[in-house]
Amino acid sequence: MGFRAVFLGPPGAGKGTQAARLVEERSPLHISTGDMLREHRSKGTELGEQAKAFMDAGKLVPDELIIAMVEDRLGGVETGSEGGEAGASPDQSWILDGFPRTLPQARALDASLATPLTHVVYFRVPQDVLVSRLSGRWTCSSCGAIWHERFKPTRSEGVCDNCDGALKQRPDDRPEAVSQRLEIYSRDTEPLLDYYKSRNVLCEVDADRAPDEVFSSLTAELAAS
Ligand code: AMP
C-alpha cells in the first residue's frame, strides 16, 4: 500500500520543499491547498476572488470554501479519476500539504476519506527560525520554484536559476503578514497535533536541519507504518 499523508507544521517549516522532493522520487499526488488557491487566483475564478483578501493578509480562507475545494479534489483521487493511470491504483500515494489547518477541516477530512490517513507528519521548527526563513523567501513567477535570500540564493538577484523567470515575494511572505500567519498557526492549527496524536497517526520530523537530512527522516517515517 502507498501512503496517504498529511504534512502538518507552521508556515516556513519546509513542507512544500519536502513535498516537491518526494514527488520527484516517489511520485505521490501532491495536493497543496495553498497552490490550488493560487491557481484559482491566477485563473480569476470566483473562489480565487473570494480567497484573495484572506490570503494576502495572512489569514485563513473560511473553512467551508477550503473544505469544498479539497473534497472535490479528493473525490477524484479516491475514485481514481485523477492522477492518470496511477490514480486508479490502490497503491497511489498522496500528500495533503497545508490542509487541514483547523479542527473543523480535520473532522471534515476524516468524514470524507474512504480509507483512513496512514501518516500525519509534523514538521517541527522553532519560531525564531520560521521568521527568518519566511521573511527572505522569493518565488519564481514563472515556474513556482522557491528561493531564499540567505539559505538558497539564485546566481543572479531576482532571476530564477531554473527558468530565468522573475522572482517575486508572495504578499503573505511580507513581514506584517508573516507574524499574523504564525499567530494563526498557533491558535488554529497547533490543536491538530493533539487531535492526531489521539488517533495514533502522528509522527514527527525535526525540520530545523538541512533539507537532505529532513528528507531522510521523512522517508524513514513514511516507510514505517
Ligand atoms: P500556504 O501556501 O499553504 O502557506 O497557503 C497560503 C495561504 O492560502 C494561507 O495563508 C491561507 O490564506 C490559504 N490557505 C491554504 N490552505 C488553507 C487551509 N487549509 N485553510 C485555510 N486557508 C488556507
Side-chain angles (χ1 to χ4, degrees), residues 5-20 22-23 29-74 77 94-113 117 120-123 125 127 129-131 133-141 143-148 167-193 195-196 207:
V6 163
F7 280 9
L8 193 64
K15 303 182 297 293
T17 304
Q18 296 295 326
L22 204 58
V23 168
L29 296 178
H30 177 205
I31 304 169
S32 155
T33 43
D35 287 351
M36 288 167 79
L37 289 169
R38 282 184 284 276
E39 202 179 317
H40 274 280
R41 286 181 59 170
S42 67
K43 287 185 180 155
T45 67
E46 194 185 334
L47 173 57
E49 285 302 310
Q50 289 168 316
K52 189 175 182 317
F54 296 103
M55 292 175 76
D56 287 352
K59 294 185 175 157
L60 293 185
V61 173
D63 283 337
E64 59 275 18
L65 296 179
I66 291 287
I67 290 169
M69 179 181 84
V70 172
E71 282 180 347
D72 188 46
R73 179 80 197 265
L74 277 176
V77 170
W94 48 258
I95 315 160
L96 270 174
D97 165 10
F99 181 93
R101 265 169 149 107
T102 64
L103 279 170
Q105 291 179 16
R107 294 194 189 103
L109 176 63
D110 278 349
S112 72
L113 287 178
L117 294 168
V120 175
V121 185
Y122 170 45
F123 291 76
V125 181
Q127 174 101 1
V129 175
L130 295 171
V131 174
R133 280 191 187 178
L134 286 169
S135 45
R137 195 159 82 165
W138 292 81
T139 307
C140 174
S141 53
C143 74
I146 298 168
W147 302 95
H148 195 283
L167 301 190
K168 58 172 198 230
Q169 193 166 40
R170 277 169 40 177
D172 55 345
D173 281 344
R174 294 191 189 124
E176 57 285 7
V178 163
S179 53
Q180 163 94 305
R181 286 163 74 199
L182 291 173
E183 269 172 40
I184 290 176
Y185 169 79
S186 325
R187 192 189 66 203
D188 295 334
T189 311
E190 241 167 23
L192 297 185
L193 294 175
Y195 179 87
Y196 286 121

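In listed order, ligands and their atoms are each counted from 1. Quick caveat: nothing in here was measured; it's all calculated off a predicted structure. Hydrogens, waters and symmetry mates play no part in the numbers below; they use all other heavy atoms, side chains included.
- Between the choices Thr33, Leu37, Leu109, the shortest heavy-atom distance to atom 14 (N) of ligand 1 belongs to Leu37.
- Counting heavy atoms of neighbouring residues, nucleotides and ligands inside a 6.0 Å radius, atom CD of Glu176 exceeds 12 of them.
- Every atom of ligand 1 with a heavy atom of Arg38 under 4.0 Å away is listed here by number and element: 2 (O), 6 (C).
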Legend entry - Check against side chain to side chain contact (heavy atoms under 4.5 Å, CB included), Asp173 and Arg181: CA-CA 9 Å; Asp173 281 344; Arg181 286 163 74 199; 2.8 Å; yes
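- For atom 22 (N) of ligand 1, the choice among Val61, Leu134, Asp173, Ile67 with the nearest heavy atom turns out to be Val61.
- Looking at Asp97 against ligand 1, nothing comes within 4.0 Å, counting heavy atoms.
- Across all their heavy atoms, Ala108 and Glu71 have their closest contact at O-OE2, 4.0 Å.
- For Lys43 and Glu39, the salt-bridge test passes: some basic side-chain N is under 4.0 Å from an acidic carboxylate O.
- In this structure, the protein non-hydrogen atom closest to atom 10 (O) of ligand 1 is Asp172 OD2, 3.8 Å.
- Against a heavy-atom cut-off of under 4.0 Å, Gln105 is close to the following atoms of ligand 1: 18 (C), 19 (N), 20 (N), 21 (C).
- The shortest N or O to N or O distance between Asp35 and ligand 1 is not under 3.5 Å.
- Shown in contact with Arg181 at under 4.0 Å from a heavy atom are these atoms of ligand 1, numbered in order with element: 4 (O).
- Evaluated for a side-chain contact (heavy atoms from CB on, under 4.5 Å) with Leu8, the options Val121, Leu96, Leu193 yield exactly one hit, Leu193.
- Counting protein heavy atoms only, atom 23 (C) of ligand 1 is closest to Ile66 CD1, 3.9 Å.
- Here the options are Thr33, Val61, Leu74, the test is side-chain contact (heavy atoms from CB on, under 4.5 Å), and the partner is Met69; only Thr33 passes.
- Of all protein heavy atoms, the one closest to atom 9 (C) of ligand 1 is Arg101 NH2, 3.9 Å.
- Residues His30 and Ala19 share a closest heavy-atom pair of NE2-CB, 3.4 Å.
- Listed here is the closest heavy atom pair of Arg107 and Tyr195: CA-OH, 3.8 Å.
- By the 3.5 Å distance cut-off applied to N or O atoms, Gly98 is counted among the residues near ligand 1.
- Remark: ligand 1 atoms within the under-4.0 Å shell around heavy atoms of Lys59 are 11 (C), 12 (O).
- The heavy-atom pair separating Arg133 from His148 by the smallest distance is O-NE2, 2.7 Å.
- Of all atoms in ligand 1, numbered sequentially from 1 with element shown, those under 4.0 Å from a heavy atom of Arg170 are 1 (P), 2 (O), 4 (O), 6 (C).
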